[in-house]
Amino acid sequence: MNYSAPHSARLGDIAMIKSGVNIPRPAEGAKVLTPIPIIGAGSLINDAVVPLDRLELIETDRPERSQDFRVQEGDTLLTGRGTVLKFGLVGKGAEGGVASGNVIIVRPFGEVVPAALYSYISSDAFRPRVELLRRGSTTLLSLSAKDLAKLEVSLPPIDEQHRIASLVLEAHDAYRNAILAAELRRDLTKQIVMQRLFGETS
């Protein structure tokens, strides 16, 4: 397999990086309220972002404030504030969710494959470099999008990025399917046990 040397660049030169938004609470007496699905630190689970139907809804009378912070498939999200640094790759089910002020959006452009970039910046090799940028107390650390943009990344050629992305997405799908199957088996077992114990289903 032909393989070229990785190309080095600052993260901010190959991706749009910005912090999320704090949705304003409705003004007193507001009559028209719009529910906004919010992606917070708790929405980043097992290297993914929970789907829209599981996101917290916040009502606001100024939904236009959220439009520029709606995530797209392939975005990498990471916690900008909190004690634990977490990452999540946005899939189709989470598209349209709004990144909260505690979350940073990384959206690649040009010849960068989203899942490959996610794999790179969330890796055990790159993660310590992100950790070093976090500031604050032991109970609340913060990371700025500006500092994150300055980090240098070295991505392989586009063909290799596509191969990496295929492996990453295949692994994500397999993991989600395994979790779903386990949850279904658990729920079915609970129903069977309830029926045998009490003659009823839950």
Any chain of hydrophobic side-chain contacts (each under 4.5 Å) joining [X] to [Y]?
X: L169; Y: L44; value: no
X: V193; Y: F198; value: yes
X: L89; Y: L148; value: yes

R135/D147 ion pair, N-O < 4.0 Å: yes

Carboxylate-amine/guanidinium proximity below 4.0 Å for R163 and E160: yes

Sequence-distant partners of Y120, ring pair (Phe, Tyr, Trp, His ring centres under 6.0 Å), two or more places apart: F126

Quick one: does any side-chain atom of [X] pair with a main-chain N or O of [Y] as donor and acceptor, under 3.5 Å?
X: K150; Y: R10; result: no
X: T60; Y: R62; result: yes
X: S166; Y: H162; result: yes

Give the minimum heavy-atom separation between [X] and [Y], together with the two atoms involved.
X: I36; Y: S66; answer: CD1-OG, 3.8 Å
X: G96; Y: R70; answer: O-NH1, 2.5 Å
X: A165; Y: V113; answer: CB-CG1, 3.5 Å
X: I38; Y: S100; answer: CG2-CB, 3.7 Å

Enclosure of R129 CZ (heavy-atom neighbours >12, cutoff 6.0 Å): yes

E59 CD: over 12 foreign heavy atoms closer than 6.0 Å: yes

All side chain to side chain contact (heavy atoms under 4.5 Å, CB included) counterparts of V71, not counting sequence neighbours: I39, D75, L77, V90, A99, I105

Set of residues satisfying side chain to side chain contact (heavy atoms under 4.5 Å, CB included) with respect to L57, sequence neighbours excluded: P35, P37

